[in-house]
Trainee: 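My structure is below; once you've seen it, I'll send some questions.
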Protein chains: 4
Amino acid sequence: MQGEKLDKKTQIVKTALRLFSEQGLQQTSMAQLSKESGVAVGTMYLHFKSKDELVEGLFLHIQEAFGKAIDLSDSEMKASYKDRFFILGRKVHHYYVNNPAHFFVVNTLNYSPYISKEITELGRTYYQQSVDLMAEGLENGSFQPINIVLLIRFIYNAVIALVQVQLKDNVEVTEHMIDQNIERIWKAIT
Amino acid sequence: MQGEKLDKKTQIVKTALRLFSEQGLQQTSMAQLSKESGVAVGTMYLHFKSKDELVEGLFLHIQEAFGKAIDLSDSEMKASYKDRFFILGRKVHHYYVNNPAHFFVVNTLNYSPYISKEITELGRTYYQQSVDLMAEGLENGSFQPINIVLLIRFIYNAVIALVQVQLKDNVEVTEHMIDQNIERIWKAIT
Amino acid sequence: MQGEKLDKKTQIVKTALRLFSEQGLQQTSMAQLSKESGVAVGTMYLHFKSKDELVEGLFLHIQEAFGKAIDLSDSEMKASYKDRFFILGRKVHHYYVNNPAHFFVVNTLNYSPYISKEITELGRTYYQQSVDLMAEGLENGSFQPINIVLLIRFIYNAVIALVQVQLKDNVEVTEHMIDQNIERIWKAIT
Amino acid sequence: MQGEKLDKKTQIVKTALRLFSEQGLQQTSMAQLSKESGVAVGTMYLHFKSKDELVEGLFLHIQEAFGKAIDLSDSEMKASYKDRFFILGRKVHHYYVNNPAHFFVVNTLNYSPYISKEITELGRTYYQQSVDLMAEGLENGSFQPINIVLLIRFIYNAVIALVQVQLKDNVEVTEHMIDQNIERIWKAIT
DNA sequence: TATGAATGAGTGTTCATTCAT
DNA sequence: GATGAATGAACACTCATTCAT
C-alpha cells in the first residue's frame with residue numbers, strides 16, 4: 001500500500017517535472033499530466049489537494065534532491081575550508097547540469113508567485129549544510145565581511161552563470177572551466 | 001489623436017507592467033488588464049494583436065528603457081576603463097532598483113516560453129554598448145581570458161544578486177555596498 | 001452628391017456580394033467589408049442601419065437585378081406561350097450562371113433566418129412578370145391544374161438543378177442541355 | 001455508463017437539431033446549446049472536439065437517419081421499376097415532412113462552408129441505394145439519356161419543391177398531391 | 001484507494017455598432 | 001455626409017476541480 005502510493009506519487013512528480021520543464025507550468029494541464037503519468041486525474045487529487053500544492057510539492061522535491069546531492073560526505077568535510085568551498089561549487093554545478101529539468105523549474109518558480117515565502121524557507125532547510133558552510137567562511141575570516149544573504153546569492157548566481165552558459169547557450173563546458181569559475185568567485189569574496 | 005493614442009498605449013503598458021510584476025503573466029487576464037487600465041478590451045487589441053504580442057511589446061519596451069538608462073554619456077565614456085565599468089555597474093543596479101516591476105518582469109520572461117530567440121536578440125540590441133564595453137575589457141587585457149557569453153552572464157548575475165537582496169529580501173542597500181559589489185566582480189574577472 | 005452617395009452604396013453592395021458569396025455572411029465582418037470596399041465603417045452605417053439591413057438590401061438588390069434580367073421584352077412577349085416559357089427558362093439559367101455570386105447568396109439566404117417573410121415578399125415583386133406568366137399558363141390551360149405556389153417552386157427548383165450541376169459540380173453545360181432541361185419541365189407540368 | 005453517455009450525446013444532438021433549424025447554425029451559441037440541452041459546455045466538448053465537428057456529426061447523423069428511412073425493404077425491392085421509383089419518392093417526401101428540422105438543417109448546410117467535400121461524400125454513402133436506383137433507371141432505359149448528376153439533382157429538387165410548399169408555405173399537402181408530384185417527375189424524365 | 005465523466009467559471013479574442021471629429 | 005478609434009457584449013473553447021462509482 002505505502003509502496004504503491006509512493007509509486008503513484010513518484011510517477012506524478014517525475015512526469016510533472018518533465019512536462020513543467022518542457023512546456024512550463026501553465027502550459028501543462030492536469031489532464032495531460034494524468035495521461036502522461038498514467039495516473040488518473042482523481043488519484044492525483046488524492047496526493048495533492050490542488051495544482052498549486054503539486055507545484056509546491058515539486059519544488060520541495062527538487063530542493064530535497066538538490067540538498068542531498070550537494071551534501072558533503074564526512075570524509076569531504078575533513079578537507080580544508082577552501083577545498084570544501086570548491087567541492088560544494090562543483091557539486092552545485094554538476095547537479096544542475098545533470099538535472100536540467102530541476103534547473104529550469106526551480107528558476108522559473110523563483111520568479112513566479114506560485115511559491116510562498118514559507119515554502120521557500122522550508123526548501124532552504126534541505127541545503128542548510130551549504131548555508132552553514134558559507135557562514136563558516138565568514139566567521140573564520142576566509143571571506144571579507146559581507147551580508148550573509150548577499151554572500152549566498154552572489155555565489156549562487158555566479159555558479160548559475162556557468163550553468164546557464166552550458167544549458168541555455170549550449171557552450172561546451174569543461175571541468176577546468178568549472179574550477180576557473182569557482183576560482184573567480186573565491187577571488188571575489190576573499 | 002496621436003497624443004490620445006499614445007496615452008492609451010501607455011496606459012496599457014504601464015498597467016500591464018504593474019500587474020505582470022505583481023501577479024505573473026498568466027495570472028493576469030486581458031479582462032483584468034482592461035479593467036485596471038481603463039482601456040476597453042477591444043482597444044487593447046487595436047494596439048497589440050494578441051496577448052503574446054503585448055508581452056513581447058512589454059519586453060522590448062523594458063529592454064529599450066533599460067538600454068537608454070544604462071547608456072554611458074559622451075563625457076562618461078571618456079573615463080578610464082575601470083571607471084566606466086563601475087559607472088555601468090551602478091547604472092544597472094540603480095535602474096532595476098528604481099524600476100522593480102521591470103526587474104521582475106524581465107527575469108520572469110527570461111525563463112518563460114513567451115519570448116522567442118528573435119525577440120531576445122532584438123532586445124539585446126538596446127544595450128549593445130554595454131556588451132561592447134565588456135568585449136573591450138577582454139581585448140584591452142583588463143580581464144582574464146574568458147568566454148564572452150560567460151563573462152556577461154557572470155557580471156549580470158553578480159550585479160543582480162545585490163538587486164535581489166534589496167528587492168526580494170528587503171535588505172537596506174547603501175551606495176557603498178553597491179560599489180563593494182562591483183569591486184568584487186572586478187576582482188573576480190581581472 | 002446624389003451621384004457620390006450612389007457610388008458609395010454601390011461599392012458596398014458590390015463588395016458585400018463578392019465577400020458574402022466567397023466566404024459566407026457570418027464570416028464577412030463589417031471591418032473587412034469596409035477595408036475591401038474602400039468605404040469607412042461609419043459610412044456604411046449611414047447607408048445601412050445594421051448588418052442585417054445590409055443583408056436585406058443586398059437580397060433586394062439581387063432580386064431586382066434578377067427581375068430585370070429575366071424580364072421579357074415587348075417583342076418577346078409577342079411569342080407563343082410555350083416560346084415565352086422557354087425564353088424565361090433560358091434567361092433564369094443564364095442569369096445565375098453569369099452571376100454565380102447572386103446564385104450562392106440568394107440560395108444561402110433562402111434557408112437562413114436573415115430574411116423575413118416581408119422582405120421575401122418584397123423581393124418577389126421584382127419578378128412579378130414571371131409569376132404572372134406562370135399563372136397565365138394555368139389559366140390558359142397550358143398546364144395541368146396545380147397549386148400555383150407549388151408550380152413556381154417546382155419550375156424554379158428544376159431550373160436550379162442544372163445551374164447547380166454547372167456551378168457546383170463543374171459539369172460543362174451546353175445550350176442544348178438548357179433547352180432539354182426546360183423541355184423536361186414543360187413535359188412535367190403540361 | 002454507456003447508457004448515460006449515449007443519453008448526453010443524444011440530448012446534445014437533439015437540441016442542436018432543434019436550435020439549428022430554428023435559428024441557424026451561427027445564431028446558435030455553444031452556451032445556448034448547453035443551457036437548452038441541459039449538458040454542460042465542457043461535456044459537449046467531450047463528445048465533439050469543436051462546434052465544426054458537432055455540425056459535421058449532426059450532418060452525418062441526419063444523412064444516416066435519412067438513408068435508413070428511405071431504404072427500400074427487400075419486399076419493396078421486388079416491385080416494378082416505376083413502383084420502386086414512386087415508393088422512393090414518397091419516402092423522401094414523408095421523411096422530410098416528418099423531420100422538418102432535418103430538412104432545414106441539411107438544406108442550410110448544403111450552401112454553407114461548414115461541410116467539406118469529404119463529409120458530403122461520406123454522407124452520400126448512407127443513401128447509396130437510392131443513387132443506384134436512379135442509375136438503374138438510366139441503364140434499363142426507363143429514363144431518357146441524361147447526365148446522372150443532373151438526373152439526381154433534378155429529381156431531388158422537384159421532390160423538395162413540394163416539401164417546401166408544405167413546410168415553408170404551410171400549404172396542406174395530401175397523399176394524392178405527393179403522388180401527382182412524383183408523376184410529374186416521372187413524366188419529365190421518361 | 002482509484003477512477004474519469006462531468007462541470008462551469010474563466011480565458012483570449014472578435015466584431016457589430018457608436019460617436020466625436 | 002464621412003471617418004475610424006473606441007467600445008464591451010458575446011463567442012468558442014479550456015481546464016482545475018469534484019464526486020458517484
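To find a chain, count down the sequence lines: A is the first, B the second, and so on, and within it residues start at 1.
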Trainee: Would D/Glu121 and D/Lys117 pass as an ion pair if we require N to O under 4.0 Å?
Mentor: no
Trainee: Of the nucleotides E/dT17, E/dG8, E/dT13, which one has an atom closest to the side chain of D/Ala40?
Mentor: E/dG8
Trainee: When you match C/Ala31 and A/Gly38 each to their closest nucleotide on DNA chain E, which lands nearer the 5' end?
Mentor: A/Gly38
Trainee: Give the rounded distance in Å between these two atoms: NZ of D/Lys35 and P of E/dT7.
Mentor: 15 Å
Trainee: Dot-bracket, DNA chain F: Watson-Crick or G-U, under 3.5 angstrom, [ ] crossing, | other strand?
Mentor: .||||||||||||||||||||
Trainee: Nearest whole angstrom, please: distance from the P of E/dT17 to the CG of C/Leu33.
Mentor: 12 Å
Trainee: Does E/dA2 have OP1 or OP2 sitting under 4.0 Å from an N or O in the side chain of A/His47?
Mentor: yes
Trainee: Distance check needed: E/dA2 P versus A/Ile12 CD1, whole Å only.
Mentor: 9 Å
Trainee: Between A/Tyr45 and B/Gly42, who's closer to the 5' end of DNA chain F by nearest nucleotide?
Mentor: B/Gly42
Trainee: Checking C/Lys9 against C/Phe48: charged group under 6.0 Å from the ring centre and within 45 degrees of the axis?
Mentor: yes
Trainee: Could you report the tightest heavy-atom contact between D/Lys168 and C/Asn110, atom names first, then the distance?
Mentor: NZ-O, 3.2 Å
Trainee: Tell me whether the OP1 or OP2 atom of E/dA5 has a side-chain N or O from D/Thr43 closer than 4.0 Å.
Mentor: no
Trainee: Compare every heavy atom of D/Thr15 with every heavy atom of D/Ser37, then report the nearest pair and how far apart it is.
Mentor: CB-OG1, 3.2 Å
Trainee: Once you round it to whole Å, what is the distance between P of F/dC13 and CE of B/Met30?
Mentor: 20 Å
Trainee: Looking only at heavy atoms, which two atoms of B/Glu56 and B/Ile115 are closest? And how far apart?
Mentor: CA-CD1, 4.2 Å
Trainee: C/Phe104 and C/Ser21: which non-hydrogen atoms are nearest, and at how many Å?
Mentor: CB-CB, 4.5 Å
Trainee: Using only heavy-atom distances, determine whether the side chains of B/Gln23 and B/Thr28 contain a donor-acceptor pair under 3.5 Å.
Mentor: yes
Trainee: With a cut-off of 3.5 Å and sequence neighbours excluded, list every side-chain donor-acceptor pair involving residues 57-68 of chain C.
Mentor:
none

Trainee: Examine E/dT3: is either OP1 or OP2 under 4.0 Å from a nitrogen or oxygen in the side chain of A/Lys8? Give yes or no.
Mentor: yes
Trainee: In whole angstroms, how far is the P atom of E/dT11 from the CD atom of B/Gln27?
Mentor: 10 Å
Trainee: For the pair made of CE in D/Met44 and C1' in F/dC15, what is the distance, rounded to whole Å?
Mentor: 16 Å
Trainee: Pull out every residue in residues 50-61 of chain D that has a heavy atom closer than 4.0 Å to any atom of DNA chain E, ordered by number, or say none.
Mentor: none
Trainee: Looking at F/dC11, F/dA9, F/dC15, which one has an atom nearest to any side-chain atom of A/Ser29?
Mentor: F/dC15
Trainee: Given F/dG4, E/dT7, E/dT13, identify the nucleotide with an atom nearest to the side chain of D/Leu46.
Mentor: E/dT7
Trainee: Relative to B/Tyr114, does B/Lys51 satisfy both conditions: NZ or CZ under 6.0 angstrom from the six-membered ring centre, and within 45 degrees of the ring's axis?
Mentor: no
Trainee: Give a yes-or-no answer on whether the side chains of D/Tyr96 and D/Gln164 include a donor-acceptor pair shorter than 3.5 Å.
Mentor: no
Trainee: Taking atom C1' of F/dT14 as reference, at what distance in whole Å does atom CD of A/Gln26 sit?
Mentor: 13 Å
Trainee: What's the CG-P distance between C/Asp7 and F/dG1, to the nearest Å?
Mentor: 15 Å
